[in-house]
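Working notes, beginning with the structure itself.
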Amino acid sequence: MRITRISLTGLATVSATANTILMLLLSLCFIFGGVTASAVGLPLDMLDEIDESGTVAFIVLTILYFIATWIVTAIWALIFNLALTCTGGFYIETSE
């Protein structure tokens, strides 16, 4: 089987979605780490100054991260398609 072209929007959407989900999971780890730290009794003085702007930043940064990842992956797909065009495609051996 020879791959000669990949879908730009499909690859960018899948990659951006997967990376955003991973970023959300990592953010939740930090949030639960803070909850655990406060439950243990560690001082969290900086959280008093932030108030609720952390929630807004969490939502806005997630959207911006998705958009940035989509753009970078789309550029990567364009370069990959150019490489596939120049080399005549990418051969994958299948066991059908």
Side-chain angles (χ1 to χ4, degrees):
M1 178 163 89
R2 184 171 297 274
I3 297 175
T4 57
R5 185 164 176 78
I6 58 173
S7 171
L8 179 93
T9 56
L11 177 66
T13 303
V14 168
S15 177
T17 303
N19 283 323
T20 302
I21 290 170
L22 289 175
M23 196 260 324
L24 286 172
L25 291 175
L26 183 64
S27 298
L28 287 175
C29 289
F30 286 131
I31 289 170
F32 289 131
V35 169
T36 304
S38 66
V40 172
L42 297 175
L44 298 172
D45 295 337
M46 67 174 200
L47 292 179
D48 293 337
E49 298 170 6
I50 294 175
D51 292 325
E52 295 189 17
S53 63
T55 305
V56 174
F58 181 73
I59 294 168
V60 171
L61 289 177
T62 300
I63 294 168
L64 291 176
Y65 184 77
F66 180 87
I67 293 169
T69 305
W70 196 95
I71 291 169
V72 169
T73 307
I75 292 170
W76 179 85
L78 285 171
I79 294 169
F80 192 73
N81 279 335
L82 178 65
L84 286 174
T85 303
C86 292
T87 61
F90 182 66
Y91 180 74
I92 297 178
E93 189 173 318
T94 59
S95 60
E96 292 180 7

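Numbering starts at 1 and runs along the sequence shown. The basis for the numbers below is simple: all heavy atoms, side chains too, and nothing from hydrogens, waters or symmetry mates.
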- Query: According to a 4.5 Å side-chain heavy-atom criterion applied to Ile, Leu, Val, Met, Phe, Trp and Tyr, with indirect links allowed, do Val72 and Tyr65 form part of one hydrophobic cluster?
  - Reply: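 No, no single cluster joins them.
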- Query: Honestly curious: do Leu8 and Leu11 fall in one hydrophobic cluster under the side-chain, below-4.5 Å linking rule?
  - Reply: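 Cluster IDs for Leu8 and Leu11 differ.
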Nearest-0.5 Å distance, [atom1] of residue [X] to [atom2] of residue [Y]:
X     : Y     : atom1 : atom2 : answer
Met1  : Phe90 : CE    : CZ    : 10.0 Å
Leu26 : Ile21 : CG    : CD1   : 14.0 Å
Thr17 : Leu22 : OG1   : CG    : 11.0 Å

- Would a 4.5 Å heavy-atom cut-off, applied to side chains only, mark Leu78 and Leu82 as touching? no
- Item | Over all atoms of both residues, closest heavy-atom pair of Ala12 and Ala74 |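 It is CB-N, 4.0 Å.
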- Shortest non-hydrogen contact from Leu84 to Ile3? CD2-O, 3.7 Å
- Does any pair with a residue in residues 70-79 pass side chain to side chain donor-acceptor pair (under 3.5 Å), and if so which ones, sequence neighbours excluded?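 Matches after skipping sequence neighbours: Thr13-Trp70, Ser15-Thr73.
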- Task: Report yes or no: does Asn81 contribute a side-chain atom to a donor-acceptor pair with the main-chain N or O of Ile6 at less than 3.5 Å?
- Result: yes
